[in-house]
Amino acid sequence: MLDGLIALRAFADTGTMARAALRLRVTQSAVSKRIQSLEDRLGRSLVEPIGRRVRLTTEGERLLAEAEPLLHQLAEVLE
């Protein structure tokens, strides 16, 4: 689940799955799978296709807003 949140945050920050993959040093497919796994676990869509692009849903934005302080604290603990 944490991998999914980190992938979702990277996607939100960079704007594309490809750039998120570069940031996380994984494949684009791995980013998509991590986000899909998080969606499956939560039972809600976090990203949606818009033509050839993908964007965060309202649910995705809400989840990141709630999870952001926790992700920040975790990053501090790991430093």
Side-chain angles (χ1 to χ4, degrees):
M1 183 146 53
L2 183 57
D3 284 342
L5 281 172
I6 291 168
L8 190 65
R9 173 79 269 155
F11 168 73
D13 289 346
T14 62
T16 70
M17 295 288 183
R19 286 190 215 131
L22 287 173
R23 175 184 281 189
L24 298 174
R25 295 185 174 102
V26 298
T27 64
Q28 183 175 339
S29 175
V31 172
S32 296
K33 287 178 183 175
R34 290 174 185 184
I35 293 172
Q36 180 64 54
S37 177
L38 182 60
E39 288 178 323
D40 292 346
R41 180 164 178 135
L42 297 175
R44 50 190 150 152
S45 294
L46 303 173
V47 296
E48 63 186 350
I50 302 295
R52 292 180 52 173
R53 300 196 54 126
V54 180
R55 72 173 183 182
L56 286 176
T57 63
T58 303
E59 289 291 327
E61 291 173 358
R62 187 175 306 138
L63 175 64
L64 282 178
E66 291 177 20
E68 190 65 37
L70 299 172
L71 291 171
H72 183 72
Q73 284 179 328
L74 181 59
E76 286 180 351
V77 167
L78 295 175
E79 286 180 2

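- Between Glu79 atom CD and Glu76 atom CD the span is 7.0 Å, to the nearest 0.5 Å.
- The same ILVMFWY cluster, assembled from side-chain heavy atoms under 4.5 Å apart, contains both Leu2 and Leu8.
- Thr58 contributes atom OG1, which lies 11.0 Å from atom CG of Leu46 (distance to the nearest 0.5 angstrom).
- Atoms CD1 and CG, on Ile6 and Leu74 in that order, are 6.5 Å from each other to the nearest 0.5 Å.
- Atom CG in Leu42 sits 9.0 Å away from atom OG in Ser37 (nearest 0.5 Å).
- Thr16 approaches Phe11 most closely through the heavy-atom pair C-CD1, 3.6 Å.
- Of the possible donor and acceptor atoms, none in the side chain of Arg34 sits under 3.5 Å from a partner among the backbone N and O of Ala7.
- Across all non-hydrogen atoms, the minimal contact from Ala12 to Leu64 is CB-CD1, 3.5 Å.
- With rounding to the nearest 0.5 Å, the separation of CD1 in Ile35 from CG in Leu56 is 8.0 Å.
- Between Asp3 and Leu38, the closest side-chain pair of non-hydrogen atoms is not below 4.5 Å.
- Each of Leu78 and Leu70 belongs to its own hydrophobic cluster when Ile, Leu, Val, Met, Phe, Trp and Tyr are linked at side-chain heavy-atom distances under 4.5 angstrom.
- If you take CZ on Arg23 and OG1 on Thr14, they are separated by 6.0 Å, rounding to the nearest 0.5 Å.
- At a cut-off of 3.5 Å, with distance as the only test, no side-chain donor of Glu68 or His72 sits close to an acceptor on the other residue.
- Under a 3.5 Å cut-off, the side chain of Gln28 and the backbone N or O of Ala21 do not form any donor-acceptor pair.
- Hydrophobic clustering of Ile, Leu, Val, Met, Phe, Trp and Tyr side chains at less than 4.5 Å, counting indirect connections, unites Val47 with Met1.
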